[in-house]
Amino acid sequence: MARNEHLKDYTPTRGLPSGLGNKIIFVILAAWGAFSVMSLLWIVVTSLRTDQDLFSSPWGLPSAPQWVNYKIAWTIAKMGQYTANSVIVTLSSVFCMVVISSMAAYAITKTDFFAAKPLFFYFLAGMAVPASLLLVPLFMTLKNFNIRDLALFSVGDYWLIHIKDFYLIDSRLGLILIYTTLGIPFTVFVLTGFFRTLPTALAESAAVDGANEYTTFYRIFLPLSKPGLITVAIFNFLYTWNEYQFALVFISNERLKTLPVGLYSLALATQHSNNWTALFAGLVILMLPTLLIFIILEDRITKGLTVGAVKA
Amino acid sequence: MAEVSIENVTKIYPGGVLAVKDASLRVEDQEFLVLVGPSGCGKSTTLRMVAGLEEITEGIIRIGDRVVNDVPPKDRDIAMVFQNYALYPHMTVYKNMAFGLKLRGYPKAEIDTRVAEAAKILGITNLLDRKPKALSGGQRQRVAVGRAIVRKPAAFLFDEPLSNLDAKLRVEMRAELAKLHHRLQTTTIYVTHDQVEAMTLGDRIVVMNDGLIQQVAPPLVLYDYPANVFVAGFIGTPPMNFLKGSLVREGQKAYFKADGIKIKLAPDLAGRVEAHMGKEVKFGVRPENVMVKGYTSLSEDENVAASQVTVVEPLGDEQIVYLQAGGQDFIAKVDSHVRLEVGDTTQMVFDVGRVHVFDKDTGVNISLREKAAVA
C-alpha cells in the first residue's frame with residue numbers, strides 16, 4: 001500500500017484526453033500502436049498463407065490456413081531444435097542471474113559486509129560497459145578455456161571426476177555463462193533497490209530467533225522479494241530470449257543455435273528456396289513467448305519499471 | 001532466567017561517534033530494568049549490544065555466567081521485541097511465533113503446545129492463521145511479544161515496543177506487559193523514551209544521556225532523589241523547575257537568593273550544602289511542590305515568592321500554572337479549584353522540605369544525603 005502512496009491522488013484518464021497537446025500525443029501514440037499491431041497481425045496472417053498467395057496479393061487473407069508452414073519451420077527449418085536451445089539457455093541464464101544477484105544484493109544491503117559499497121559500485125560499473133565491447137576479449141577468454149582430458153580424484157583405479165572435451169566456445173554452457181555475467185549488474189542494481197525497501201529489523205529479528213545469514217536470506221528475504229525477483233526475471237528473460245549478437249558470435253554448431261540466430265539461418269535459406277511464409281511462421285514462434293509474457297504480466301512489467309525507485 | 005551484566009562497555013561507531021561510554025550495569029535475575037533517555041542517548045545501542053546486534057568496542061557483557069561478547073545473537077538465549085514489531089510479513093501469526101522454535105529443532109508437538117500457551121496468555125488464539133497485515137497495531141504487538149515468550153529465553157529485550165501504538169492502547173499494553181512480567185518473572189531489559197512507561201514498569205530505571213549512565217535507581221528514588229540536573233529535569237511531568245541564584249548565609253539562616261526570590265533553606269539541607277555557600281547554584285523544585293499561599297499549611301514568611309501568572313492550563317482535576325518571579329519562569333501544579341487568572345500576582349509557597357540544590361557547573365545534586373545518592 002505504502003509503495004503506491006504517491007499515486008493516491010492519481011486518477012487514470014478514461015476516454016479521450018483533454019487539451020490540444022495531449023490530443024496530439026494521443027494521435028501519435030494511437031498511430032504508432034496501430035502500426036505495431038498491424039505489423040504483428042500481418043506477420044501472423046502471412047505465416048498462414050502460401051508463397052504464391054503472398055506474392056500475388058501481399059495484403060490478402062489466407063484462403064485456407066496453411067498450418068503446414070509451422071510444421072516446416074518447426075521440423076525442416078529446425079525451429080524446434082532452436083526453440084529447445086533458447087529455452088535451455090534463457091531459463092538457465094535467468095535462473096543463475098537471479099540466484100547470484102539476489103545473494104549479492106542481500107549481502108550488499110542487509111549484512112555487515114565491509115566491502116558492500118565498493119562491491120555495489122563494481123556491479124554498477126558493469127552496467128556502463130557496452131556489451132559489444134566485450135565480444136573480442138570474451139571470445140579469446142572462452143576459446144582458451146577448454147579441457148580436453150582432465151581426471152581428478154582417483155580412488156584406486158577409478159576416477160571420480162573425469163572431464164573430457166569440455167569447451168565454452170560453441171557450447172550452451174558458454175552462452176549461459178555470458179548471459180548470466182551480462183545480466184548480473186542490472187539485476188543486482190534493481191534487487192539492491194528492492195532489498196533496501198525491506199526493513200533491516202527483519203534480519204535482526206531472525207538473527208535473534210536463531211537464524212544464520214543463509215536462513216535469514218532464504219526463509220525471510222527471498223520470499224519477501226518475490227515481486228522484485230519476478231520483475232528482474234521477466235526483464236532478463238526478454239533480453240536473453242531475443243539476444244542475437246553473442247549467440248551469433250559464440251555458437252556456430254547448427255544443433256546449438258538459439259532461436260534468433262536460427263531464424264537468421266532460416267532467412268538466409270529462404271532466399272534460395274522461396275519459402276517465405278515458413279520464415280514468417282518461424283517469426284511467430286520466436287515472438288510468441290515474449291508476447292505471452294507481455295500479455296499475462298503486463299501489470300508487473302509496468303510496475304517493475306519503478307521497482308526499488310520508490311521507497312516503501 | 002539469568003542475570004545480565006554490563007561491565008565498562010563502550011561503543012564507538014565507525015566514524016568516531018561515541019554512542020555509549022563506559023557503561024556498567026547489573027540486571028538482577030527476574031528484574032525488570034528500564035533504560036530511559038532522550039533520542040540518541042545510547043539506550044537502544046546498549047540494548048542492541050546485549051542482543052548481539054551491535055559489536056562492543058570495549059568492555060564485557062555477561063548473560064548468566066557466560067561472557068557473550070563474541071557470541072552471535074542466536075546463541076545468547078535472549079528474545080527481543082522490536083519497535084516496529086519486525087514480524088515476518090509472509091508468515092502467519094502461528095509461523096511467526098513458531099519460527100524461532102523450529103530453527104532450534106523443537107519437535108512439532110512441543111512447538112504447538114508452546115505457541116498455543118503463549119497465544120492464550122496474550123489473547124491471540126483466534127489470530128493464529130492470520131498474516132501480520134491483517135492485524136491491528138495492538139495485535140501485532142501482542143504477536144511480537146508472543147514470539148518472544150514462546151522461546152522461554154533467559155532474558156527479554158524490549159526496544160521501545162509501545163511507541164508505535166496510540167495513547168490509549170499504549171496504556172493498556174503497558175499494564176499487560178507488567179502483568180506478563182509478574183507472571184513469567186523473566187529478566188527483562190526495556191528501552192523507552194517515555195518516562196511514564198519507565199516509572200510504571202521498571203523495578204529499577206537507568207537514565208541515560210549522551211552515552212553516559214546518569215543514575216540507576218528504583219522509580220521513586222529517582223523521582224525524589226535525582227542525582228543531577230538531567231535526571232531531575234527528565235523524570236517528572238511537567239519537569240522540575242530550575243531557578244538560577246546563589247546560596248547565602250545570614251546569621252544562623254541559609255537562603256537561596258535570586259532576583260525577587262528569597263527562600264529559606266531547611267536546616268538539614270543548609271547543612272548539606274554548606275560548602276557551596278556564597279556560590280551560584282540551580283535551585284530545583286517540582287511543580288507539585290510549588291503552592292499558592294492560602295491553600296497550603298506550609299506557608300511561612302520566608303518560603304514565599306511574589307509571582308505573576310503568565311499562562312493557566314486547566315486539566316480538570318488540577319491546573320498547570322506558568323509563573324514568573326524576578327524574571328525567571330517556573331511552573332506550579334495546583335488544585336483546579338484555586339482561582340487564578342493570567343496577569344494575577346500571587347504569593348507562591350515553595351515546599352522547602354522537597355527542594356534540590358544543583359551545582360551550577362557540574363549539574364550534580366549537592367543537596368542529597370549520601371545514601372540516597374548511591375541508591
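Every chain is numbered from 1, with letters handed out A, B, ... down the list of sequences.
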May I ask you to check whether over 12 heavy atoms, not counting those of [X], lie within 6.0 Å of atom [atom1]?
X	atom1	value
Phe189(A)	CZ	no
Asn126(B)	CG	yes
Glu55(B)	CD	no
Phe113(A)	CZ	yes
Tyr122(A)	OH	no
Tyr218(A)	OH	no

(request) Please state whether the side chain, the backbone, both or neither of Thr215(A) comes within less than 4.5 Å of a heavy atom of chain B. (result)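 The side chain, not the backbone.
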- Item | Side chain / backbone / both / neither for Ala206(A) at chain B, heavy atoms under 4.5 Å |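 Contact with chain B: backbone and side chain both.
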**Study point:** Atom pair NE2/CD1 of His90(B) and Ile220(A) - distance to nearest 0.5 Å
**Key:**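 Going from the NE2 atom of His90(B) to the CD1 atom of Ile220(A) covers 4.5 Å.
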Rounded to the nearest 0.5 Å, what separates atom CG in Asp112(A) from atom CG in Leu53(B)?
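Asp112(A) CG to Leu53(B) CG: 9.5 Å, rounded to 0.5 Å.
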Check: residues 118-125 of chain B side-chain donor-acceptor pairs under 3.5 Å, at least two apart:
none

Give the minimum heavy-atom separation between Arg147(B) and Ser205(A), together with the two atoms involved.
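Heavy atoms only, the tightest pair is NH2-OG, 2.9 Å.
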What are the two closest non-hydrogen atoms of Leu103(B) and Gly210(A), and how far apart are they?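 That would be CD1-C, 3.6 Å.
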Quick check on [X] against chain A: is it the side chain, the backbone, both or neither that has a heavy atom closer than 4.5 Å?
X	answer
Lys102(B)	side chain
Leu157(B)	neither
Ile78(B)	both
Arg48(B)	side chain
Phe82(B)	side chain

The test is side chain to side chain contact (heavy atoms under 4.5 Å, CB included); show your working for Tyr88(B) and Arg219(A) and say whether it passes. CA-CA 10 Å; Tyr88(B) 310 124; Arg219(A) 301 281 295 273; over 6 Å; no
#### Entry: Options Lys133(B), Arg104(B), Met91(B), ranked by heavy-atom pairs under 4.5 Å with chain A, top entry
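Most heavy-atom pairs within the cutoff with chain A belong to Arg104(B).
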Notebook entry, point to check: Looking at Ala86(B), Ala144(B), Ala79(B), which makes the most heavy-atom pairs under 4.5 Å with chain A?
Noted result: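 Looking at each of Ala86(B), Ala144(B), Ala79(B) in turn, Ala86(B) comes out on top.
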**Message:** Does anything in residues 155-166 of chain B form a side chain to side chain donor-acceptor pair (under 3.5 Å)? List the pairs, not counting sequence neighbours.
**Reply:**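 For residues 155-166 of chain B, and leaving out neighbouring residues, the side chain to side chain donor-acceptor pair (under 3.5 Å) pairs sorted by first residue read Ser44(B)-Asp159(B), Gln83(B)-Ser163(B), Glu160(B)-His193(B).
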- Query: Should Arg151(B) and Asp209(A) count as an ion pair when the cut-off is N to O under 4.0 Å?
  - Reply: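 So Arg151(B) pairs with Asp209(A) through a salt bridge.
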